[in-house]
Amino acid sequence: MRFAIALGALLIFGSHSYATEFGLMGEGTSTCAEILQLHPAFGNDGGAVVLAWAQGYMSGMNMDRVVNKAHKIAQGQPIKSLGDVTIQGQMAFLLNYCENHPLAHFTLAVQELYVALPDVKALKN
């Protein structure tokens, strides 16, 4: 039930102009202030929703780089190691970013986390 409430709140708070402008859905359309209103934390429903969106977004960024590399597009963009920072560490990073940038869209917090992650040294074929 709490998950449904958290999900509903995210849908209500989402900024439709940001979604339309950048083709996003879900938590990425919310500002950091809106995300913080959910009181997300590691281990609660709000945190689970926020982390699921962030990890899906970052996984998509990695897959885009894998596909581009296979097609010889955008060479030199590293794949990020999503597992080198704990889930708790990822949540702490996102919440810290949002507390310091309440007017920023949550997507920017996730992109900053992605950039801060270590690069994967080598991909297995």
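Scope of the values below: all heavy atoms of this structure, side chains included, with no hydrogens, waters or symmetry mates. By convention here, the first residue in the shown sequence is residue 1.
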As an exercise, state the distance from [atom1] of [X] to [atom2] of [Y], rounded to the nearest 0.5 Å.
{"X": "Gln37", "Y": "Cys98", "atom1": "CD", "atom2": "SG", "value": "11.5 Å"}
{"X": "Leu36", "Y": "Phe106", "atom1": "CG", "atom2": "CZ", "value": "9.0 Å"}
{"X": "Ser59", "Y": "Asp64", "atom1": "OG", "atom2": "CG", "value": "12.5 Å"}

Which atom of [X] lies closest to which atom of [Y], heavy atoms considered:
{"X": "Cys32", "Y": "His101", "value": "CB-O, 3.3 Å"}
{"X": "Pro78", "Y": "Tyr114", "value": "O-OH, 4.1 Å"}
{"X": "Leu103", "Y": "Thr31", "value": "O-CG2, 4.0 Å"}
{"X": "Gln55", "Y": "Leu82", "value": "O-CD1, 4.5 Å"}
{"X": "Asn44", "Y": "His39", "value": "ND2-O, 2.9 Å"}

Within the distance-only criterion (no hydrogens, no angle test), does the side chain of Lys80 pair as donor or acceptor with the backbone N or O of Leu117 below 3.5 angstrom?
-> yes
Examine distances only and state if a side-chain atom of Asn100 and a backbone atom of Tyr97 form a donor-acceptor pair shorter than 3.5 Å.
-> no
Do [X] and [Y] have side chains that get closer than 4.5 Å, going by heavy atoms?
{"X": "Val115", "Y": "Gln111", "answer": "no"}
{"X": "Leu51", "Y": "Ile87", "answer": "yes"}
{"X": "Leu113", "Y": "Tyr57", "answer": "no"}
{"X": "Ile35", "Y": "Pro40", "answer": "yes"}

Applying the 4.5 Å side-chain criterion to the ILVMFWY set and letting contacts propagate, would Val66 and Val120 be lumped into a single cluster?
-> yes
Qualifying disulfide (SG to SG under 2.5 Å) pairs with a residue from residues 33-64, counting only residues at least two apart or across chains | none
